[in-house]
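Keep in mind it's a predicted model, so treat the numbers as computed, not measured. Letters A, B, ... are given to chains in the order of the sequence lines, protein chains preceding strands, and every chain is numbered from 1.
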2 protein chains.
Amino acid sequence: MAHLLLVEDDDSVRISLAKALGRYGHDVATASTGPLGLQAFRDRGPELVILDVMLPGTDGFDVCRQIRTSATVPIIMLTARGDDIDVVGGLEAGADDYVVKPVEPRVMDARIRAVLRRGTPDRSPQPTATYGELVIDRAAMTVTRAGRAVALTPTELRLLLELSRSPGQVLSRQQLLESVWEHSYLGDSRLVDNGVQRLRAKIEPDTTAPAYIQTVRGFGYRFGPV
Amino acid sequence: MAHLLLVEDDDSVRISLAKALGRYGHDVATASTGPLGLQAFRDRGPELVILDVMLPGTDGFDVCRQIRTSATVPIIMLTARGDDIDVVGGLEAGADDYVVKPVEPRVMDARIRAVLRRGTPDRSPQPTATYGELVIDRAAMTVTRAGRAVALTPTELRLLLELSRSPGQVLSRQQLLESVWEHSYLGDSRLVDNGVQRLRAKIEPDTTAPAYIQTVRGFGYRFGPV
DNA sequence: CACCGGTGTCGCAACCGTGTCGCAGACTTC
DNA sequence: GAAGTCTGCGACACGGTTGCGACACCGGTG
């Protein structure tokens, strides 16, 4: 459903909450410290981050600010009951919501959905899209596959964005040439073939049986599940 | 009446509901897991999908989202009584209706008809056309018959698209040559015959009694129900 | 000035699609 | 009923389309 990152130092809370959210259909990655959380954030490009406020070393607010320097991903802060809830500080740091521990998984799930639904109006429709194990973050212009970041060149990224803009639909070489390469003439357009081939080499686990980019002989290419 | 896909992991529910809906005149395909459901969806191209919310592994919402990335087919979610019914999340995922288990077949049938009747008002114009058990998706350039994907070569596909563009109308060999083959001269045009023959071999259940492509002796071919 | 990553071009190989041919069967016409 | 024409259909070989590696160019950078 959604790729989440949960940063929480308390083992029991982290594990049980991750499991519970998994049952609600979320794909949950976890980290136990602030630095590890930032690392995981960069690697996995989650659609939403859940941050414990009280973390050893760099605390939740710090992590929140760090993330905000590079991304607009929704962030939910977790605070222990009885903590001085520094809502103002948290909102300043850029959090989207607050949840008090101990938290019911059902409630957490509802909050997650609420925040995701709320979205951010200024973002283009669908900032991040997930296709199988491929995650495309249009806001951050990053692509991750199976949790690992994929380094794409500008052209490869444009091609992937264009293809994934209309999943399941065949795009002709001519169309791709115009939208990605901004050429209007279709010469001997092995250019598109080559672009697709290079993109496949980076995002396809098995290029002999493409999982994301299908070639439709005689027509063009189609992005989407097989 | 309608081609349905039922995705439900509980054997007894799946089998009994499928049977019951069959008695109401529906053509029901079933799948027991999310991935199998997606597979079946792609293969059979059903007119409506019934999804259990709680599935092992990828849950109903997930399947719903996946389907929505490529199709606008109506989706009805099935939830167990007492489950936390996340209607908002489900509607956000793209579901069209909710039904609580255990469900009366009569009720289910009514809901199915209601959803189908409601149609697809706000959705993008359906580029897919259905003729009997033949489904032609002009955007994805795919053809399925009786739920099974049909692999067509470029020429076969162009021919089918051309013929189905004007159902019930006879197209001459000359016309087909020009539109499909982009030849203007009609030499020994066994070419068209051959193309039709190859196409029939793939989409006709019984080539001796063509259900989709009729030959009009002396004139050409006609696409459409007998 | 050398280096380097990105990108367009070229060429080769393999596979699949497709046009051609021939024959048999079906339909029409006389 | 017979001849002539039209269509179905299997076989085959040529050619086109695509995948993919190699190379050259080019702009930016230390």
Side-chain angles (χ1 to χ4, degrees), chain A residues 141 143 150-163 170-223, chain B residues 141 143 150-163 170-223:
Chain A
M141 290 294 201
V143 175
V150 180
L152 295 181
T153 67
T155 308
E156 289 161 2
L157 185 55
R158 276 200 304 274
L159 177 57
L160 179 58
L161 291 176
E162 189 61 28
L163 283 168
V170 172
L171 298 176
S172 71
R173 289 178 170 71
Q174 176 66 50
Q175 286 176 299
L176 291 171
L177 207 56
E178 288 174 8
S179 54
V180 177
W181 280 269
E182 292 173 4
H183 290 182
S184 56
Y185 56 93
L186 175 108
D188 160 46
S189 202
R190 310 302 312 285
L191 213 168
V192 178
D193 296 54
N194 230 289
V196 169
Q197 189 253 331
R198 283 176 169 137
L199 180 53
R200 275 179 176 158
K202 294 195 180 175
I203 68 169
E204 292 285 0
D206 178 10
T207 55
T208 64
Y212 301 110
I213 305 174
Q214 273 76 43
T215 121
V216 182
R217 197 183 170 91
F219 291 94
Y221 295 94
R222 178 182 49 214
F223 179 89
Chain B
M141 294 293 196
V143 175
V150 181
L152 295 181
T153 67
T155 310
E156 290 160 2
L157 187 51
R158 276 200 302 274
L159 177 57
L160 178 59
L161 292 176
E162 189 60 30
L163 284 168
V170 175
L171 298 175
S172 71
R173 289 178 170 71
Q174 176 66 47
Q175 286 176 299
L176 291 171
L177 254 190
E178 288 174 6
S179 54
V180 177
W181 280 267
E182 293 175 1
H183 290 180
S184 54
Y185 56 93
L186 174 107
D188 159 47
S189 203
R190 310 301 312 286
L191 214 168
V192 178
D193 296 53
N194 228 290
V196 169
Q197 188 257 327
R198 282 176 170 137
L199 181 54
R200 277 178 175 158
K202 293 193 180 176
I203 68 169
E204 294 285 1
D206 178 11
T207 54
T208 65
Y212 301 110
I213 305 174
Q214 274 76 44
T215 119
V216 182
R217 195 182 171 89
F219 292 94
Y221 296 94
R222 177 184 52 213
F223 179 89

Engineer: Please report the distance, rounded to the nearest Å, between CG in A:D193 and C1' in D:dT18.
Structural biologist: 6 Å
Engineer: Could you state the atom-to-atom distance from CG of A:L157 to P of C:dT7 in whole Å?
Structural biologist: 10 Å
Engineer: What is the separation between atom CZ on A:R173 and atom C1' on D:dG19, rounded to the nearest whole Å?
Structural biologist: 11 Å
Engineer: Please state how far atom CD in A:Q214 lies from atom P in D:dG19, giving the value in whole angstrom units.
Structural biologist: 11 Å
Engineer: If you look at every strand shown and take non-hydrogen atoms under 4.0 Å, does A:R200 touch a base, only sugar-phosphate, or nothing?
Structural biologist: sugar-phosphate
Engineer: Considering just the side-chain nitrogens and oxygens of B:W181, establish if one lies under 4.0 Å of OP1 or OP2 belonging to C:dG19.
Structural biologist: yes
Engineer: Answer yes or no: does a side-chain N or O of A:T153 lie under 4.0 Å from OP1 or OP2 of C:dG5?
Structural biologist: no
Engineer: Considering every strand and a 4.0 Å limit on heavy-atom distances, what is the contact class for A:G195: base, sugar-phosphate, or nothing?
Structural biologist: nothing
Engineer: Under 4.0 Å, heavy atoms only, any strand: does A:T215 hit a base, just the sugar-phosphate, or nothing?
Structural biologist: sugar-phosphate
Engineer: Strictly distance-based, threshold 3.5 Å: is any side-chain N or O of A:R198 a donor or acceptor partner for the main-chain N or O of A:E156?
Structural biologist: no
Engineer: Under the side-chain hydrogen bond (donor to acceptor under 3.5 Å, both in side chains) criterion, do A:R200 and A:Y212 qualify, and how do the steps go?
Structural biologist: CA-CA 8 Å; A:R200 275 179 176 158; A:Y212 301 110; over 6 Å; no
Engineer: Please determine, for the side chain of A:P154, which listed nucleotide (C:dG6, D:dT7, C:dT20) has the closest atom?
Structural biologist: C:dG6
Engineer: Please state how far atom CZ in A:R198 lies from atom P in C:dT7, giving the value in whole angstrom units.
Structural biologist: 8 Å
Engineer: Rounded to whole angstrom units, what separation is found between the CG atom of A:L177 and the P atom of C:dT7?
Structural biologist: 15 Å
Engineer: Go through D:dC6, C:dT9, C:dC12 for me and flag the one nearest to the A:R190 side chain.
Structural biologist: C:dC12
Engineer: Look at the side chain of A:R158 and the backbone N and O of A:V180, then say whether any donor-acceptor pair between them is shorter than 3.5 Å.
Structural biologist: yes
Engineer: I want to check one thing: is the phosphate of D:dG19, taken as OP1 and OP2, less than 4.0 Å away from some side-chain N or O of A:Y221?
Structural biologist: yes
Engineer: According to a strict under-4.0 Å criterion, is B:Q197 in side-chain N/O contact with OP1 or OP2 of D:dT7?
Structural biologist: no
Engineer: Give the rounded distance in Å between these two atoms: CG of B:N194 and C1' of C:dT20.
Structural biologist: 8 Å
Engineer: On the nucleotide C:dT7, are OP1 or OP2 found under 4.0 Å from the side-chain N or O atoms that A:T155 carries?
Structural biologist: yes
Engineer: Quick one: CG on B:L152 to CD1 on B:I203, what's the gap to the nearest 0.5 Å?
Structural biologist: 7.5 Å
Engineer: Say whether, by atom type as modelled, one donor and one acceptor occur between the side chain of B:E204 and the main chain of B:I213 under 3.5 angstrom.
Structural biologist: yes
Engineer: Send over the distance from B:L152 CG to C:dT18 P, rounded to a whole Å.
Structural biologist: 10 Å
